[in-house]
Amino acid sequence: MTFKGFSSFWAALGLLLCSLIASGGWLRAAEIRDLRVVAAEASTQLVVELSGPTEHKLFTLSNPARVVLDLSASSLPARIAMPAAAGVVAGVRAGKQPKSTVRLVLDTAQPVVPRIVQAGPTGPFPYRLIVELGTGAGPVGAAVAPAAAVALPTAPREITARHAPADSGRDIVIAVDAGHGGVDPGALGPNKTREKDVVLHIAKALVERINAQPGMRGVLTRDGDYFLELRERMQRARRAKADLFVSIHADSIGNPTVSGSSVYVLSERGASSEAARWLAERENAADLKGGVSLDGRDKVLANVLLDLSQSASISQSMAAAEQVLKSLVDVGEVRKPKVQQAGFVVLKSPDIPSMLVETAYISNQADERKLRQPAHRARIANAIFDGIQDYFSDNAPDGTRLAMARRATVAAVDKPARAR
Ligand SMILES: [Zn+2]
């Protein structure tokens with residue numbers, strides 16, 4: 001092909017593409033691929049799988065209580081069945097609106113506070129819209145009741161920590177994150193044990209153990225079998241004002257002889273890429289813990305502050321993770337004798353010390369069997385708890401009941417020394 005022929009070929013292709021885009025033939029309408037309602041104790045979600053992104057509008061109506069989701073330029077094939085009632089959802093209906101808008105109406109058993117999250121596509125998971133329906137407990141729900149049509153309220157309330165009164169010091173809050181869930185089963189064992197199930201059991205056991213400890217409070221990022229985006233997990237920990245974030249997983253590898261647990265914290269490289277993201281999304285960065293505010297700072301200073309916060313966080317994460325790893329040695333085999341560092345997204349909160357515990361290799365038959373035993377899961381949960389407690393006994397955050405109790409003990413020990 002001559003140069004002239006080559007360039008006119010590209011010019012013709014360009015023209016073709018332009019006309020396709022202009023006519024709308026290029027931008028296909030999004031097709032709904034699946035609709036389902038996932039209900040758990042404290043949360044009901046509508047999951048809409050789509051062939052691609054689409055504009056959407058979410059609002060509520062009252063008398064009777066309904067949630068309406070409008071998807072513009074979309075289609076709903078006849079083969080897609082309406083999901084059955086579950087959780088607060090009493091029924092789902094679909095209808096057509098002008099301009100190829102598909103309207104989904106959720107009849108709810110009570111007024112709810114809906115939130116919408118866009119997800120994917122990631123790995124095997126397609127593009128999704130996830131509507132989370134919080135039931136109206138507390139001030140957020142109360143705000144919704146009187147209005148006829150309220151759009152997109154703020155946060156769900158289920159993991160808000162209740163702190164002790166200020167004079168006795170607040171509780172240390174630990175966010176426990178069961179990996180995977182819902183459409184994402186995580187790893188599968190040779191006997192089909194699903195990671196998402198066993199890690200939820202361990203996470204619940206860990207929260208129970210934490211809550212049995214005065215001065216500590218555990219909160220779950222998910223309390224049932226539903227999907228949560230990684231960043232939503234971090235957001236939930238942040239909303240609960242967590243002092244520590246612990247994500248629970250079970251590892252998988254091709255070699256079936258590999259077994260044991262490992263503990264991870266964020267790597268420096270993962271941290272620096274996250275700093276860039278936080279600076280790009282200033283609204284995230286406005287409320288860092290420890291009084292650091294990036295608001296109104298110039299870019300260079302904001303970067304330095306964020307860096308400091310993140311490095312402090314990583315070293316605290318490391319100290320906590322080392323205690324947990326030490327304690328896991330007591331329950332069984334530890335895969336690697338040192339805390340590992342990796343760029344896991346879920347560990348990227350710049351101001352909340354975070355760790356990820358791979359409790360075992362679910363791909364190993366013996367480990368899989370142990371993960372199925374409630375007694376073993378309790379041993380793992382207790383070991384993680386012991387490590388967390390060891391860490392906080394030396395590193396109780398200011399203002400917590402534990403920090404005050406320690407100060408009182410130190411004062412009591414000091415007094416006789418001064419009297420001498
Ligand atoms: Zn996992």
Side-chain angles (χ1 to χ4, degrees), residues 30-54 56 58 67 69 71 74-77 79-89 91-92 94 102 104 106 108 112 114-134 156 158-159 176-204 220-237 247-252 344-346 356 358-359 362-363 368 371:
E31 188 187 80
I32 295 174
R33 297 273 166 85
D34 191 38
L35 278 177
R36 57 186 177 275
V37 173
V38 184
E41 255 169 71
S43 166
T44 304
Q45 294 182 333
L46 169 76
V47 182
V48 185
E49 286 188 9
L50 291 151
S51 61
T54 182
H56 57 264
L58 178 73
V67 174
L69 176 63
L71 304 167
S74 300
S75 64
L76 179 64
R79 64 183 151 80
I80 304 290
M82 288 299 111
V88 290
V89 175
V92 182
V102 172
L104 297 171
L106 307 168
T108 56
V112 294
R115 278 175 77 247
I116 192 156
V117 183
Q118 297 183 37
T122 41
F125 307 112
Y127 186 85
R128 278 150 296 152
L129 287 172
I130 300 160
V131 180
E132 182 175 305
L133 307 170
E158 78 269 26
I159 61 163
V176 180
D177 174 55
H180 313 280
V183 290
D184 169 16
L188 282 181
N191 291 307
K192 302 280 176 290
T193 305
R194 298 183 301 188
E195 178 183 1
K196 68 172 183 178
D197 299 328
V198 288
V199 297
L200 181 61
H201 285 301
I202 294 170
K204 283 183 170 174
L220 288 163
T221 55
R222 73 170 172 99
D223 65 352
D225 185 15
Y226 48 87
F227 180 80
L228 277 186
E229 282 292 292
L230 294 173
R231 286 176 193 283
E232 175 62 17
R233 297 167 191 264
M234 295 160 67
Q235 288 300 327
R236 288 182 176 205
S247 191
I248 310 287
H249 288 253
D251 217 342
S252 171
F344 291 125
V345 169
V346 81
L356 186 146
E358 295 282 7
T359 50
I362 202 168
S363 47
E368 183 192 27
L371 285 172

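Note: hydrogens, waters and symmetry copies are ignored here, and every other heavy atom, side chains too, is used. Residue numbers count from 1 along this sequence.
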So, for Ala250 and Val199, which heavy atoms are closest and what is the spacing to 0.1 Å? N-CG1, 3.7 Å

Between Thr359 and Val198, is there a side-chain heavy-atom distance shorter than 4.5 Å? no

Nearest heavy-atom approach of Ser252 to Ile362 is CB-CG2, 4.3 Å

Under the ring-ring contact (aromatic ring centres under 6.0 Å, His included) test, residues paired with His56 that sit two or more places apart: none

To the closest 0.5 Å, what do you measure between CD (Glu229) and CD1 (Ile130)? 6.0 Å

The criterion is side chain to side chain donor-acceptor pair (under 3.5 Å); which residues satisfy it with Thr193, sequence neighbours excluded? Glu368, Arg372

Would you confirm whether Asp225, through its side chain, and Gly182, through its main-chain N or O, come within 3.5 Å as a donor-acceptor pair? yes

Taking C-beta and beyond as the side chain, do Val67 and Leu58 meet within less than 4.5 Å on heavy atoms? yes

Donor-acceptor contact present, side-chain Arg233 to main-chain Thr221, <3.5 Å: no

The test is side-chain contact (heavy atoms from CB on, under 4.5 Å); show your working for Val47 and Asp34 and say whether it passes. CA-CA 8 Å; Val47 182; Asp34 191 38; over 6 Å; no

Once you round to the nearest 0.5 Å, how far does OG1 of Thr108 lie from CG of Leu46? 12.0 Å

For Arg33, salt bridge (charged side-chain N to carboxylate O under 4.0 Å, His left out) partners two or more places apart: Glu31

With Ala94 via side chain to side chain contact (heavy atoms under 4.5 Å, CB included) - residues at least two apart: Leu76, Met82, Leu104

Hey, does Leu371 have a side-chain heavy atom less than 4.5 Å from the side chain of Ile202? yes

Just jot down the side chain to side chain contact (heavy atoms under 4.5 Å, CB included) partners of Thr54, sequence neighbours excluded, or say none. Ala30, Leu50, Leu71, Ser72, Ser74

His180: partners by side chain to side chain donor-acceptor pair (under 3.5 Å), with sequence neighbours left out: Asp184, Glu195, His249

For Asp197, check salt bridge (charged side-chain N to carboxylate O under 4.0 Å, His left out) against everything at least two apart and list the hits. Arg194

Contacts of type side chain to side chain contact (heavy atoms under 4.5 Å, CB included), residue Leu200, not counting sequence neighbours: Ala178, Lys204, Arg222

